[in-house]
Each structure stands twice: as structure tokens, then as C-alpha cells.
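Here is the structure we will look at, set down as C-alpha cells.
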Amino acid sequence: VKPVVQIEVNHFAQDCWERCQIGGDCKWCGSGSSACCRKNSTLDPPECQGVVDWPTDRHHTCVTPVKDVEVKHEGQDCFEFCGGRGSCNWC
């Protein structure tokens, strides 16, 4: 069990969809410890599952993930975000 640590999320409660363009890890929300997620979305990646602090359920918003994942954006199409094939920091 990870200890509860307050992590600052950039743009908390703001609509992040336009800036991030997809659910999951997003630099606009904060580096490495924040994600753009929508409550109860079945299309968001694993890092969005289990979030407990939802400031809104009306749109995607910057939140603190509770799940450590090996691969960010798992199951999402990365071609456009990575600029083609090969190794990519987005994942």
C-alpha cells in the first residue's frame, strides 16, 4: 500500500480534453503524476482507473492517478502522438 501523499495537479478541475487530446497521462496536467481522465469513462487507459478525487463528472479533467502503470496510454492509438513508429516517451 502506497502512503497517501498530496500531489499537486496542474489545472485541477479544468477541462483538459482540448489540451491533452486524449485520456491518460498528460504533461498539461502535470509531469508524470497527473492524468486527463473522465469519471466512469470506459475509453480511458488504466492510469485513469481507480481515481477517487473527481472534481467534476461533466468532462475530462486533470486528476491524480492512484495506479502505477508500466505502459502509459495502454490500448490507445499512439501513432499520431509518437510521430510514427518506434520508441516513444508518450507511452
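Heavy-atom basis, side chains included; hydrogens, waters and symmetry copies ignored.
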Is the SG of C26 found under 2.5 Å away from the SG of C62? no
Please state whether the sulfur gamma atoms of C20 and C36 sit closer than 2.5 Å to each other.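 Cystine link not detected, SG atoms outside the 2.5 Å cut.
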Rounded to the nearest 0.5 Å, what's the gap from [atom1] on [X] to [atom2] on [Y]? Could you check?
| X | Y | atom1 | atom2 | answer |
| --- | --- | --- | --- | --- |
| I22 | D77 | CD1 | CG | 7.5 Å |
| H11 | R19 | NE2 | CZ | 6.5 Å |
| N10 | C16 | CG | SG | 11.5 Å |
| Q49 | T42 | CD | OG1 | 10.0 Å |

Got E18 and W28 here, is their nearest side-chain heavy-atom distance under 4.5 Å? no
Decide yes or no for T61 and R38: does some side-chain heavy atom of the first lie under 4.5 Å from some side-chain heavy atom of the second?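 Sidechains of R38 and T61: no contact.
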Output all residues satisfying ring-ring contact (aromatic ring centres under 6.0 Å, His included) with W17, sequence neighbours left out; order by chain, then residue number. H60
Residue list, side-chain hydrogen bond (donor to acceptor under 3.5 Å, both in side chains) with Q21, at least two apart or on another chain: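 Q21 satisfies side-chain hydrogen bond (donor to acceptor under 3.5 Å, both in side chains) with no other residue.
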Looking at A35 and E47, what are the two nearest heavy atoms and their distance? CB-CG, 4.5 Å
Taking all heavy atoms of G24 and all of P45, pick out the closest pair and write down the distance.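 Closest approach of G24 to P45: CA-CG, 3.6 Å.
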Side-chain heavy atoms under 4.5 Å apart, restricted to Ile/Leu/Val/Met/Phe/Trp/Tyr: what other residues fall into the cluster of W54, or is it alone?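 Joined to W54, directly or through intermediates: V51, V63.
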